[in-house]
Structure formats: C-alpha cells, structure tokens
There are 2 protein chains.
Amino acid sequence: MTESRPTVVPGQRSTRQRAAIGDLLDQLDDFRSAQDIHEELRRRGEGIGLTTVYRTLQALADAGEIDVLRTSAGEASYRRCSDTHHHHLVCRVCRRTVEVEGPAVEHWAEKVAVEHGFAQIDHTVEIIGTCSGCRS
Amino acid sequence: MTESRPTVVPGQRSTRQRAAIGDLLDQLDDFRSAQDIHEELRRRGEGIGLTTVYRTLQALADAGEIDVLRTSAGEASYRRCSDTHHHHLVCRVCRRTVEVEGPAVEHWAEKVAVEHGFAQIDHTVEIIGTCSGCRS
DNA sequence: TCCCATACTGACACCGGGTGTCGATAAGGT
DNA sequence: ACCTTATCGACACCCGGTGTCAGTATGGGA
Ligand SMILES: [Mn+2]
Ligand SMILES: [Mn+2]
Ligand SMILES: [Zn+2]
Ligand SMILES: [Zn+2]
C-alpha cells in the first residue's frame, strides 16, 4: 500500500529545486506552509519560485510522501512524517508536533461509520494544545 | 459553559436577514457554505447581501450556535447542531451528516496530550465516507 | 408615537492563498 | 552532443473571505 521514501517515478526528473525542498523538509520537524518553505529557501540562497514550491509540495502530498494539515485560517501546511498511519498533537503556539497512534480511535471510527451504513471510510483526527515549553 | 439557544446579547438587534438565515439553518440538515446559503435565500426571494451572510454565519459560529467544518478545499461550511459535544460522520457524495459521540475518543485525546505535557487541549475528529444511498 | 444613538446592511475595493498559462530552461535517454 | 519533454517561474487570474463606509433600520427612551 505505502511505498518507500526514495520512489523514482518514470518520467519524473530530479531537479535542484525538488532536492532543496526535500532537504529542507528533512530538517524541519513541524508543519510549515508553502510560503514559509519558500521564504526559508530564499533565505538560504536557493533560487526558487513560489509557484514551484506550491506545486512540489502538493505533488509530494499527493504521492503520500508528506502530510498536509489545514490551519484554522485554511492555509495548507506540510511535514515529512513516518510512513505508518498516525495523527498529530500540535502546539498552537510554537507548532511543535508529536506523532501519535490510537488503535482504539481507528476501530471506533470504523465501527461508527459501518453502523450507519457508510463505506470507503476515512477520518481526520488532530489534537491541538499548548506544550509545556510554551507555558512558562 | 454552554448557553441555551435563544441567547439575547445586549446590543444585538434582531433583523430580517438574521431571522432568514436562522430559519434556513433550521430547515437544512447538512453542512452548507456561506455561498450556498446566500444562493438559497435569494432563490426564496429574500433580499440579502453575501457579505451579511458571511458575517452572520461567522457570528453564529463564534457564539457556538452553529458548527463549522472546513472542506478539503478550505471552504467553511455551517450546520445547526445539537448543543452537546459531538463529531460528524459525513457522506462525501451527498453531504448527509450524522452526529456521533465517542467518549473513548475524548478520553484518548486528553490522555495522549497530557502524557506529552500539553494543556488547554482541543481536538477535531471527523469521519467521512460514502452513505448507503449513494452506493446504488 | 416620535426621536435618535448606533447596530446593521451591503456594494465595492481589497487581501491572500492558491492555480492556469506559456515561453524559457534543463533533465536525461540515445 | 542532440533532442524530446518534464519542469520552472513570472504573471495574470480565480475565489473565498474581510475592511470600508455611506445609507438603513432597530429598539430603548422621551
Ligand atoms: Mn487514524
Ligand atoms: Mn470530541
Ligand atoms: Zn509550544
Ligand atoms: Zn450520501
């Protein structure tokens, strides 16, 4: 179902821009918007267009290589995560992110949906709070 | 914590436009965007501006009178729900919505967050699938 | 019933995240 | 090297939503 990280799709070319985005995502640990990432790359001297960043992040998300989260303002943010199914615990102040698992939740969602006659069930679960460091 | 439905806030005036939106929300049973609601009101002959619909829905949401859901496209959609804490099971085709409860999920979210040192914990849980009627 | 301060309305300009276009560029197979 | 074509990125554009502000209407008081 899930494919390993360095997937090489035929017809896909490896460019300097994509490498730069991939490298940056490896270094970051929290969710960042396309503009954040573009800004950071420019700061580091990478010549790259905002459109390219938008498109590349979206492609990575479509390929399942990175996770997408919508901020309350509706802005998309991205993060390189582990391959296994999980959810996120995010600090509303510093955006520190922890991957969490919850088999009980998975089962509950499935059960509730089936009981109501639903199929092809999907779900979103996100926990937001203020981390210990941000409460000083 | 939660206040009952017909809250009268001092300084708040009851207008024809707000009444129309409130009435429509009572009749609808699924999540609708501001533009959906505006369109439906115009179809019914209500003279009302789109800006007013946007603002009123947002105010109702802020007051906790209606629930907000963000579509995958980032668009906000609204629905009048029950007063108790619940989550939603939504059909991705017809948008049919079922309110569901899950005490186990509430506890799990709280526990996981506390274990990682988080406070002021909030969470979002939504289940999406295809309802029986939409599988014919 | 009339008055009036002011909450509300809504047309319009504007904002900002994101997408379509398309000529220029550069992978990478041969 | 050469050539096909995926990719880039400046730019125009889309669209949901917000700020502005002159005009309107509510509702508490006289
Ligand atoms: Mn899950
Ligand atoms: Mn809950
Ligand atoms: Zn924090
Ligand atoms: Zn359905």
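To find a chain, count down the sequence lines: A is the first, B the second, and so on, and within it residues start at 1. Quick caveat: nothing in here was measured; it's all calculated off a predicted structure.
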- Task: Can you figure out which of D:dG19, C:dA27, D:dG17 approaches the side chain of B:A76 most closely?
- Result: D:dG17
- Nearest to the side chain of A:R13, which nucleotide is it out of C:dC8, D:dA6, D:dG17? D:dA6
- Message: At less than 4.0 Å, is any side-chain N or O atom of A:Q12 found next to OP1 or OP2 of D:dA6? Yes or no.
- Response: no
- Using a cut-off of less than 4.0 Å, is there contact between a side-chain N or O of A:T52 and OP1 or OP2 of D:dA10? no
- Message: Tell me the interatomic distance from B:D36, atom CG, to D:dC15, atom P, rounded to whole angstroms.
- Response: 15 Å
- Of the listed D:dT18, D:dG9, D:dT7, the closest approach to the A:Q17 side chain comes from D:dG9
- Query: Are A:E115 and A:K111 within salt-bridge range, i.e. N to O under 4.0 Å?
  - Reply: yes
- Query: Rounding to a whole Å, what distance do you find between A:R42:CZ and D:dC8:C1'?
  - Reply: 12 Å
- Between B:Q120 and A:T130, a side-chain donor and acceptor under 3.5 Å: yes
- Task: Answer yes or no: is there a side-chain heavy-atom contact under 4.5 Å between B:V98 and B:I127?
- Result: no
- Task: Quickly work out the A:L41 CG to D:dG9 C1' distance and round it to whole Å.
- Result: 14 Å
- Item | Atom-pair distance (CD1 on B:I37; C1' on D:dG16), nearest Å | 14 Å
- Short side-chain N/O contact to D:dT7 OP1/OP2 from A:R18, under 4.0 Å: yes
- Query: Taking for each residue the nucleotide of DNA chain D bearing the nearest heavy atom, is the 5' side occupied by A:G47 or by B:S77?
  - Reply: A:G47
- State, yes or no, whether a side-chain contact exists between B:H88 and B:E99 at a heavy-atom distance under 4.5 Å. yes
- Task: For A:T15, answer base if it contacts any base atom (sugar-phosphate contacts may also be present), sugar-phosphate if it contacts only those atoms, and nothing otherwise; contact means non-hydrogen atoms under 4.0 Å.
- Result: sugar-phosphate
- Query: From the list D:dG9, C:dT19, C:dT9, which nucleotide is the closest neighbour of the side chain of A:Q58?
  - Reply: C:dT19
- Task: Tell me which nucleotide among D:dT7, D:dG27, C:dA11 gets nearest to the side chain of B:S14.
- Result: D:dG27
- Query: Could you state the CG-P distance from A:L50 to D:dA12, rounded to the nearest angstrom?
  - Reply: 15 Å
- Message: Could you check whether B:E40 pairs with B:R44 (Lys NZ or Arg NE/NH1/NH2 to Asp/Glu carboxylate O, under 4.0 Å)?
- Response: yes
- Message: Over all strands shown, is B:R55 touching base, sugar-phosphate only, or nothing at heavy-atom distances under 4.0 angstrom?
- Response: base
- Note on the structure: To the nearest angstrom, the NE2-P distance between B:H38 and D:dC15 comes to 17 Å
- With sugar-phosphate meaning primed atoms plus P, OP1 and OP2, does B:S33 contact a base, only sugar-phosphate, or nothing at under 4.0 Å between heavy atoms? nothing
- Task: Send over the distance from A:R70 CZ to D:dG17 P, rounded to a whole Å.
- Result: 12 Å
- Message: Regarding A:D30 and A:R96, does a basic nitrogen lie under 4.0 Å from an acidic carboxylate oxygen?
- Response: no
- Rounded to the nearest angstrom, tell me the gap between atom OH in A:Y54 and atom C1' in D:dC8. 16 Å
- 5'-most contact on DNA chain D (nearest-nucleotide basis), B:R16 vs B:T51, goes to B:T51
- Message: Over all strands shown, is B:I48 touching base, sugar-phosphate only, or nothing at heavy-atom distances under 4.0 angstrom?
- Response: sugar-phosphate
